[in-house]
Amino acid sequence: MQTHEIRERFTNHFVKAGHTPVPSASLILDDPNLLFVNAGMVPFKPYFLGQQTPPFPSGTATSIQKCVRTLDIDEVGITTRHNTFFQMAGNFSFGQYFKEGAITHAWTLLTGPVAEGGFGLDRERLWVTVYENDDEAADIWHEKMGVPRERIQRLGMADNYWSMGVPGPCGPCSEIYYDRGPEYGREGGPVADDNRYMEIWNLVFMEKERGEGIGKDDFEILGDLPKKNIDTGLGVERVACILQGVDNVYETDLLRPVIDVAETVTGSTYEDPAADRADDIRFRVIADHSRTAMMLILDGVSPSNEGRGYILRRLLRRIIRSARLLGATGATMEKFMTTIMDTMEPSFPEIARNRERILHVAVGEEDTFLRTLASGTRLFEQTAESLKGKGAATVPGARAFELHDTYGFPIDLTLEMAHEAGLEVDMDGFEAAMAEQKARAKADNRAKKHGHTDLSVYREFVDSHPTVFHGYEDLTGSAKVLGLVSGGKLVNEAHEGDEVEVILDATPMYAESGGQMADRGTISAGATTLDVNDVQKVGKKVWLHKSTVAAGGLAVGDEVTAEVDAAWRHGARQAHSATHLIHAALREILGPDAVQAGSLNRPGYLRFDFAYTHQLSPDQLQQIELVTNRAVDADYEVNTIETTLDNALDMGAMALFGEAYGDNVRMVEIGGPFSRELCGGTHVSHSSQIGPVSVLGESSVGSGARRIEAYSGLDAFRFMSKETALVSGVAAELKAQSADVPDRVRALAERLKAAEKRVAELKAQQLTAQTADLVADAAQAGTFRFVGARLDDGVTGKELRTVAGAARDRLGSEPGVVVFASKDPEKGSMPFIVAANPAAVEAGAKAGDLVKLIGGYVDGRGGGKADMAQGSGGKPEGFDAGLKAAREELAGR
Ligand code: SER
C-alpha cells in the first residue's frame, strides 16, 4: 500500500466518524519555543489549553501534519530508525470522546479489513502499553478490544506520559506497537525490545497542564485542563514499512528512489540496508536530508547562518559532502531534489507549483558550498597533518571557527571530519568565538519588542469576549471597557499618568499584524483621554490597546469612544498597499523565485524581505520602482474579497509561508490579477491614493534573502525633493549643470588620486633622503651595523617597508640590521619594521624574532621572515627601550 493511500485511509476513517479534516500547518509556526512543528497537536495547542474555542462543529478534528525534528541530526543514517522529517497522522477530540473513543477509533482502523478501508493488521501482532496506574485504559484494551492482558504492558512517566517538553498540555498516554517478528529481536513485548516491537501510534489522554521542569519525567503538573481531550499521533512512514513489507523507512516508496539515484550519480552501491557501513550511512543521510531540506524550502526557509536557515544549510551541506565521499565529482543536488519532489508530490500537491523555486534554492546553496568545500577541506587537511606532526589531537577552536566563518563549514561537518581523522575539536574555543560574533551581531538588535508576559490574565477575554474589529469600515466607534491590565495584572481603574492595556468590546483600531504596524489613536469619554501608543492581539482574538492616560481616569464598565488617528491610518494604508505593489513588481521583474519572507510597513515607509540569492542591479531596482509607480498611475481599483483558501490560491493569491490561514480568507486585489495577496491589512481603495513610491535601496539580510526599502506618499515626495536639492547643491558647488555632476565628480576623483600618488612619491623621496643620513650614522652592535630610529609621525607601514628595504641595501655587504618605527597619529598606534641584510641573516639575526622582542616593549605583536618583519604596538613610548633591547640582543651574538 503506497504511503499516499495510507494517508487517505486515515483521513477517511476519521472523517466518516465526524472529524473535521484540517490541512497540515506549515512547518514554521509563530511559536518562539519551537524551531519547527514537531507533533500533530502543535497547531491545536490553544484549543487544548482552553485559550481558544475549537472551530470544528463536532469538536473533533483530524490532520496529517508535516513534522521536523532535528535534535539528533548526527544520528541520522547510523540506524535506520531516525528520520528528521515525518508525517504524523492524528485525531483530536476537544472535550468530546475520551479514552474509550480514542482506543476504539485506533483499533478499528488498524485491524479493520483492507476491503473496508482499514489497514488489515494482524491483531495477534499488536501490543499496547499504558501509563503505570492507568487501569481504565488497560481495562478498555482488554475488555472492549479483546487484547489479552499479557500483551498490555505498563510503563512509567518517561515513556507513557506525554508533554511537549515545555509548559503546556500533557497527559498519560497509551502506545500501540507492532511485532515485526523474531528476526528483529527478543521476545517480551515493547518493554523488552523496542526495535522488534515498533511503536506505531501514540494515544495521549490530554487532561493536565504541565509547568516548568526538566525532561520527560521531572516536571510539575499544574492542574486539570478545562476539558478532557484526545491527541493521537500515528507514524505514517512506520505504517508504510509494515504495509509495504519493507525493513525500514529508507526502503519505502518515499525514500528508496533517492538512494537509487544516489547510486547512479556517485557510482557507489548501497550494499546492506541494515549495516552501519560508512557508505551506507551516507546514502541514508542523502535520502533523509534531501526530503527534509525540500520540505523546509517548500515552507519558505532559506539557507542562512542562524536558526531555521542554519538547520537547512547543515542538511544541504551534509548531503553534498556525503555525495562527494561516495564518489560524486560534480553537482548532484538537482537530481536528489527532483527525485524527492516526485515521490512526495502525490501527498503534497503544492510541491508542483514550487518546483522551480525549491531547485533554485537548493542548487544555489550547492553552488556556493562547492566553491568553498575544496579550499576548506584543504585547510582542514593541512591542520590535521600539522597537528599529527606535533603529536596533538585537538583542532583549535579558532580554526573550527575559521572553517565555519570563511568556508561555511557547519560545525558538525568539522566535527565529522575531525572524527574521521581521529581528532577532537576544541568546542569551548569554538563556542567562545561564535558567542563573540553573535554578541557583535546582536548589539544593534537589542530592544526586543515584548518581554515574556504571562498570557493567562487574558484568557477569559479570549474565550468569552473576543474584540469586534470594525476598523475596515470606520475610524471611530463607541465601545465598552471590558478589562484593564496594568503591570501584568487585572485592575478596575486607571488614573492620569498610568500606563494601561485597555480591552474593549469593539474597536476600529488596527492591531499590529501581517507586517502592518498598529494604529495610533485615542480612547476618550467626557474629560478623559487616553493616548493609544500600540495595539497588539492576544490569541488572535483580543485587542490590547496599550495606552497612557493623558487626562482623567477610566474604569471597567465605562462607555468610551475609540478613535483612530486618521492621518496615521491614511499613511499606513498607503504604505501597506505600496508593499503589495512592490511585491507584484518584484515578481514581474525577478520572477516567481522572489518569495516574500517578511515585511514591515508604517505610515510613509515600508520594507520588504524576499528570498533571492543575488544582489539587485541598479537597473533592476529602477524597473521595480517604475512598475510600482505605473501601477499607482493606472489608478487600479482595490478590492477585498472574502473567499475560501483554495479558491484564493487558485486565483494565484500570494500567501505568506508560516501563516496559519483558516478556511475562509481575505484576499486583497489591486488591479485584478496584477496583485492578489491574502492579507488582513488596511488598504487604499484606488492605487492612485498611494501617491509616489520611492525605492531607497536594497540590501542583504542574511544569506539568500534581500530587503527592499521604500518611502510612500508624501514621505516619498519629501525624499525625492531632498535628493533633488542635494544634487542641485553639489552642482552649484561644482559650478556645473546637474546632468554633468557624475562626470565632474569622476574627473575630480581621478585628479585627487593622481595628486595623492604624487604626494606619496615626494614623501618617499624625502624619507629616502632622511634614511641616507641615518645609514651614514649607523652604530655598531657587536658584529652588526645597526640603524634604528623612530621616523616622523604618519609614515605608513607600507612606506616603512620601502624605506627600511632601501636603508638595508645601503648598508652594503657587512651584516646590517635596520629598525624603523613611526606613530600613526590617528590611531595612536605604532607600526614598526625590522630588516636584516643577507650577511646579517647569515650571522644569525632574525628580523621576526626582533619584531617580537620589540613588540614586548610597545605592547604589540607582529612577525615575519628572517630578512624582513613588521609589527605594531599600542604603546609608542616603549619603542626606545625596545630599540635598545634589540641592539643589545644583536651585540650579544
Ligand atoms: N502528541 C503525541 C506525539 O507527538 C501524539 O500526537 O507523540
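We count ligands from 1, going down the list as the structure has it; atoms in each ligand are counted the same way.
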Other residues, nucleotides, ligands: >12 heavy atoms within 6.0 Å of Lys541 NZ:
yes
Between Glu175 (side chain) and Glu199 (backbone), is there a donor-acceptor pair under 3.5 Å?
no
Between the side chain of Gln52 and the main-chain N/O of Val462, is any donor-acceptor distance below 3.5 Å?
no
Below 4.0 Å from any atom of ligand 1, which residues have a heavy atom? Give them in chain and number order, please.
Ala39, Met41, Arg69, Met88, Trp162, Asn202, Val204, Asp231, Thr232, Gly233
May I ask you to check whether Tyr97 and His19 place their ring centres under 6.0 Å from each other?
yes
Ring centres of Phe94 and Phe48 under 6.0 Å apart?
yes
Cation-pi check, Arg210 onto Phe219 ring (under 6.0 Å, within 45° of axis):
yes
